[in-house]
S.K.: 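Attaching a single structure in structure tokens format; questions to follow.
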Amino acid sequence: MFYIIGGVAVLSALIMVTNKKPVSAAMSLIVTMLCLSGMYVILDAHLIAALQIIVYAGAIMVLFLFVIMLLNIQEKEGRLSGHKIFLQFAWIMLVGYVFISMVKLIGGDSLPARVEGSINGFGTTKAVGEILFTDFLLPFEIASILLLAAIVGAVILAKAKVD
Amino acid sequence: MIADLIEAIAKILFVFGVNMGFFAPILGWVERKQSAVMQDRVGANRADIFGFTLIGLLHPLSDTIKLITKEDFIPAGANKLFHTLAPFISLTPALITFAVVPFGGQYEIFGRRINLVVADLDVGILFVFAFASLATYGTVLAGWSSNNNWSFLGGLRAAAQMLSYEVAMGLSIIGIIMVYGSLKLTEIGAMQTDFFKWGIFLQPIGFILFLTCAIAENKRAPFDIPEAETEIVAGYFTEYSSMKFIMFWMGEFLEMVTISGIITTLFLGAWHLPFISDERLLSLFGFAGPNGSIIMLMMANIATFFGKIIFMIWFQMTIRWTLPRFRYDQIMKLGWKIMLPISLINIFITGLVVLLK
């Protein structure tokens, strides 16, 4: 199951990067998002999976699509040469390799195996909420202040254009 | 194991059958008949088999035959992939979301515990929102891929409208989650045994907000600017014909059924009858033996649930044929400047009450 979802995710991500049409690229990004939420379901994190779909696939990508359509962005002329694509792939491979070796260096030689049955109630709404409002209260509040600042900034930017 | 599988398949077939086999075709007829009654007309009554018209009930059948045999037309310059994909994207979420809506409680028959819901998810209501938000793509892509300015305008309007009302819809439901303390639709339904503990009495503002937002999400009048016939032909599905056209209609009707199911579960006491508890019903059915009485109770609960759904569908149709269409700026103003603040205030007040209790 992991390999199916992972494969589709990687494939649609590649399509998203290489596709010239903005709408097709946005749609394949949505497929990637859905695959990621499938990954979360496999990891027993149902709440995160649902939120992933609501926030990214449901809200942010609709906005992306809306903007693409509203501005009517045309596809760029010409195609990427095979040489360039090959070079890009080589870079991606290199970055991926460096990342994997870094993880191995830092986190020891093996990733933790999946715990069957998992910690009681792991991934449920209750468990996530409890952890969020006890152990991780400070990062949670900082993140919310950051988002608030972003909202205020967006409003000010939009207002300056209207006036 | 085998029994579990049979139970799951039976439930899926039941939900699928009721939605696709009963509601999807019948609602087309209901809408035509209701609009006719409200406008003092006769309505659909011509389709007949050997002279029997059955008050127009044969129209869904003849409509289906007609639409299947029509030419499936893809306009020139349209994006073929997305043009074909869009109707499916708008139909699927409406069908999937019904999976988490419980159409009955839990029953113990012949030593087996039967939970009358296809998927009893922990995230419950969030699952509904997740897939409801995906329905936007069907509309937006349909509008964009048709290569038609009317469709395109409809798609843009739909994107803006659905995005705006999703926010207020998500917030309108938080009150009810706070009151019942659960995201599981089965648990919320099971808690509404007492008539005065129904969601509509505990969260009257939440009910009105959710109903309004749900109708806006479903793009039905008075919120039907994405298809506004008088302005932009038929909006996002102008360029659709044959079965793809009917898939948009089915998507709309099934979404209406799903919305009614969610409203019933959250606000109208789910499968419970008012003033008559399940124990009372059980003793009434006592003559059928222990298992028989539980089966009859189950039937009664399912019937109650679908009765409420039919009532809500009637209510939405009445709204649709009563109110005129809003203007675009009115819809935006209503969504952002009225619905959103009211739902925030609702959350605040509910929080205070829950805290002080």
Side-chain angles (χ1 to χ4, degrees), chain A residues 12 15 19-31 33-38 40-41 44-75 118 120-130 151 155 158, chain B residues 79-83 85-86 89 92-93 96-97 100 119-147 149 151-167 169-170 177 181-184 187 217 236:
Chain A
S12 54
I15 293 171
N19 203 311
K20 292 247 163 185
K21 290 178 188 147
V23 173
S24 311
M27 285 312 285
S28 34
L29 187 56
I30 292 161
V31 176
M33 300 288 186
L34 292 179
C35 289
L36 280 182
S37 104
Y40 291 131
V41 171
D44 279 338
H46 296 259
L47 177 70
I48 308 289
L51 290 181
Q52 164 88 10
I53 297 184
I54 295 174
V55 174
Y56 287 101
I60 292 181
M61 288 314 295
V62 175
L63 213 60
F64 271 30
L65 216 58
F66 184 69
V67 171
I68 289 171
M69 288 178 183
L70 199 65
L71 301 180
N72 203 9
I73 300 167
Q74 295 301 322
E75 51 188 295
S118 59
N120 54 51
F122 171 80
T124 58
T125 320
K126 210 171 187 170
V128 173
E130 252 171 38
I151 294 169
V155 168
Chain B
N79 188 319
K80 270 198 188 116
L81 174 66
F82 290 135
H83 190 268
L85 207 60
I89 299 178
T92 319
I96 289 179
T97 37
V100 292
D120 193 8
L121 292 182
D122 179 57
V123 288
I125 189 74
L126 289 179
F127 178 88
V128 173
F129 283 115
F131 279 92
S133 63
L134 289 184
T136 319
Y137 291 115
T139 320
V140 175
L141 279 180
W144 174 78
S145 64
S146 295
N147 193 30
N149 283 341
S151 305
F152 187 64
L153 272 175
L156 278 184
R157 285 174 170 196
Q161 177 184 326
M162 291 169 95
L163 207 60
S164 311
Y165 279 84
E166 229 160 66
V167 180
M169 186 156 105
I177 294 170
S182 175
L183 286 176
K184 266 188 174 178
E187 281 179 14
E217 276 291 285
Y236 58 95

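Chain letters run A, B, ... following the sequence lines, proteins first, then strands; residues in each count from 1.
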S.K.: Can you name the nearest heavy-atom pair linking B:Ala130 to A:Ala50, along with the distance?
M.R.: CB-O, 4.0 Å

S.K.: Of the non-hydrogen atoms in B:Phe82 and A:Ser24, which two are nearest, and what is the gap between them?
M.R.: CE1-OG, 3.7 Å

S.K.: Return yes when atom CZ of A:Phe66 has more than 12 non-hydrogen atoms of other residues, nucleotides or ligands closer than 6.0 Å, and no otherwise.
M.R.: yes

S.K.: List the atom of A:Ile54, the atom of B:Phe129, and the distance in Å for their closest heavy-atom pair.
M.R.: CD1-CB, 4.0 Å

S.K.: With only heavy atoms counted, which part of A:Met27 is less than 4.5 Å from chain B, the side chain, the backbone, both or neither?
M.R.: side chain

S.K.: Report the distance from atom CZ of B:Phe127 to atom CG of A:Leu47, rounding to the nearest 0.5 Å.
M.R.: 14.0 Å

S.K.: At a 4.5 Å cut-off on heavy atoms, which part of B:Leu183 comes close to chain A: side chain, backbone, both, or neither?
M.R.: side chain

S.K.: Output the distance between atom CG (B:Leu163) and atom CG (A:Leu63), rounded to the nearest 0.5 Å.
M.R.: 5.5 Å

S.K.: Where is the tightest heavy-atom contact between B:Tyr137 and A:Val62, given as atom of each residue plus distance?
M.R.: OH-N, 3.4 Å

S.K.: Output the option from A:Leu65, A:Leu51, A:Ile30 having the highest count of non-hydrogen pairs under 4.5 Å with chain B.
M.R.: A:Ile30

S.K.: Sort B:Ala132 into side chain, backbone, both or neither according to what part of it lies under 4.5 angstrom from a heavy atom of chain A.
M.R.: neither

